[in-house]
Number of protein chains: 4
Amino acid sequence: MPEPVGVRQAQAERTRSAVLAAAAAVFVDQGVQAPVRDIAERAGVGVGTIYRNFPTRADLVSAVYRHQIDTCAALSARLLEESASPFAALTRWVDAFVEFLVTKHGLGAALGSGDPGLENLHALMLDTLVPACATLLDACADAGELGADITAYTLMRAIGNLCITGPDYDRDDAKRMVATLLAGCRSAA
Amino acid sequence: MPEPVGVRQAQAERTRSAVLAAAAAVFVDQGVQAPVRDIAERAGVGVGTIYRNFPTRADLVSAVYRHQIDTCAALSARLLEESASPFAALTRWVDAFVEFLVTKHGLGAALGSGDPGLENLHALMLDTLVPACATLLDACADAGELGADITAYTLMRAIGNLCITGPDYDRDDAKRMVATLLAGCRSAA
Amino acid sequence: MPEPVGVRQAQAERTRSAVLAAAAAVFVDQGVQAPVRDIAERAGVGVGTIYRNFPTRADLVSAVYRHQIDTCAALSARLLEESASPFAALTRWVDAFVEFLVTKHGLGAALGSGDPGLENLHALMLDTLVPACATLLDACADAGELGADITAYTLMRAIGNLCITGPDYDRDDAKRMVATLLAGCRSAA
Amino acid sequence: MPEPVGVRQAQAERTRSAVLAAAAAVFVDQGVQAPVRDIAERAGVGVGTIYRNFPTRADLVSAVYRHQIDTCAALSARLLEESASPFAALTRWVDAFVEFLVTKHGLGAALGSGDPGLENLHALMLDTLVPACATLLDACADAGELGADITAYTLMRAIGNLCITGPDYDRDDAKRMVATLLAGCRSAA
DNA sequence: AATGAATGAGCATTCATTCAT
DNA sequence: GATGAATGAATGCTCATTCAT
């Protein structure tokens, strides 16, 4: 048995991945408040395993979305280079952010809920997306395309809220309202 | 005994008011999904009394907010007369709507939740506020102050979402974002 | 005011009758375990009135069926005279008893439930119908048409049980089974 | 740890058995509609455990009686071989069925209640006992010992009803009445 | 006598969380 | 590390019963 620990670690990692995949799927179906048991069942593991890997629900939610959040955050730099203007970059970045939110049923609502159990997720967004967004906003402000009175956090929170969809307010409505909000930001310049 | 029935009715009305007051207070603390028991306890009545007066939770939530909703709806006509322009009227009306929402912790979230148990409340908003808002939007469109592609319902839903406040996104933030959204609507003209 | 008390008594009697009529109707629809409020509502009185007139549910159930029970009891003597044989009289009397039971949804089940709250009803049946049935049984025994080992109470209880109908065991089934039981009684002669 | 899973399964099985035993005991005392809490308390488990093992009340009731029902059903074939005549076999089988019923307080009433929550139990009886009884009835009919107009279901329902015992109508009464009913069936031949 | 508002015990059911194996 | 059986607090809701008017 050359590397028994490594084998075990690999197995543990696989378990962790299975849980994340299952959680992501269940979150789409039932929202981030889905029963833990449903996730465990879908992942083919026991509920205890979920609690071991993700002590709180926020840990799980954060982990599920971390990759996408990181990708989204990294996008800002590239868009700033590629786009004709800072505001164009901001617009495209927001599009990506909205696309992320509206495909996660209940995520917007979860972020807006103020649920103390979701602090980690909140912190994650704060630490990665807010700086990315701030960079774009600063660039816009420097270019005179945007008033300076809007913080990245507030804007993202507002966008998150606008992406809380429902039966009579769907993804397209959300996207349109976010676009309108951005237009409002620009007109303040 | 001149009006024995009147006495009883008066007592019942007082009870009903106590329940409404308690519910309003509890809703602020815990949101509209607060346990019925908590409301009953705060009102100093049994749970049965709550169910007698308000068979469903939506009945209670609707009753708690009906007066303010009606007042808000009635405001639109007056503002349209008094204001310098339709858009100014819309702005002031939205201010009042926002003021209503941000003082009701969790109401925005409740409206956005799509909870089937809150259909009545949803319907109440639809029936009274949406027409009021639509009147203002039409006037704005006629005056060329607004693009015609935004429905009253979508706008109100978006405003409702923007008013979901939290620890780092307070009433002032919400008001600012709503104002920005309105600015965006105008710029579409 | 010659007879103010009489007037009041008459009114009280009318109320009592209204409750009885309503209870009878509700019992047919929902069975004898129907909520008190439903009966009160149908009678157009307050629940307190029901409790005043019929302190226990059994009081109400008994009162509702007393008339029919008395009629049924009185029938035995007449049938004994009119019928060709004591057993023929018994058969016809049982038919009447069954007819009474199967039209009262849930009455058979109530009688068989052993519910201590229905003691009064039980006693009423015991005091009026059992003697009537016993008379018939005795006559049959004297005529050699029946074995002597069946008591009136047991027979009636059995008949009552056989009349507990349901989705796949309807009135006709009940009647057939009662007839078969009687045939069994006779064959024991 | 040779069979860690087996240990857990064994423990779970013991819990399940404890619940079944407790339920059987409580059913005797209070009938099959007894509160779940009472069963849980008697079994020394939490209510959740009951729901885990028996999601619906009918599942629990069915499980409690399944073994005896199966045994009873299997009995018919053997009796048919061993008995002198089909009717003798039927008689002995019915004796066994009655013995089963009268020791389960409230089971007869439950079967007769038409309670939609007990459909499973109803179906269990239908699927196992009715065919067993039908076999016996057919044999009797072929032997000319019985009229053909009685279905197995109706007969068993009637027997079930006759076995609803109470303070003044005990097991012996029930047995006697069932015997009488059978005698009536035979006399129809 | 009649009313019916109010009470609250009682029950079913869900689900987050723990912990022995 | 993984399991999942067990727990029980939490909550919605019903309805018999009381009692002030």
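Reminder, nothing fancy here: chain letters follow the sequence lines and each chain counts from 1.
Backbone-only contact: C:Val45 has heavy atoms under 4.0 Å from sugar-phosphate atoms and none from a base. A:Val47 comes within 4.0 angstrom of a base, heavy atoms only.
Nearest-nucleotide positions on DNA chain E place B:Thr49 closer to the 5' end than the other of B:Thr49 and D:Gly48. Nearer the 5' end of DNA chain E, as judged by each residue's closest nucleotide, is the contact made by C:Gly44, out of C:Gly44 and D:Ala34.
Base pairing in DNA chain E gives the following stems of 3 or more Watson-Crick or G-U pairs, range against range and under 3.5 Å: E:2-21 with F:2-21.
At F:dA16, one or more side-chain N or O atoms of C:Arg57 fall inside 4.0 Å of OP1 or OP2 (strictly under the cut-off). Look at A:Thr15 and you won't find any side-chain N or O under 4.0 angstrom from OP1 or OP2 of F:dG1.
One interatomic measurement links the two molecules: CZ of B:Arg16 to C1' of E:dA6, which rounds to 15 Å at whole-angstrom precision. In this structure, B:Gln11 places its CD atom 16 Å from P of F:dC19, rounding to the nearest Å. E:dA5 atom C1' lies 15 Å from atom CD of C:Glu41, rounded to whole Å. Regarding B:Arg52, its CZ atom lies at a distance of 16 Å from the P atom of F:dT17, rounded to whole Å. Between B:Leu60 atom CG and F:dG12 atom P the separation is 11 Å, expressed in whole Å.
Relative to the side chain of B:Arg8, the nucleotides F:dA6, F:dT21, F:dA16 differ in distance, and F:dT21 lies closest.
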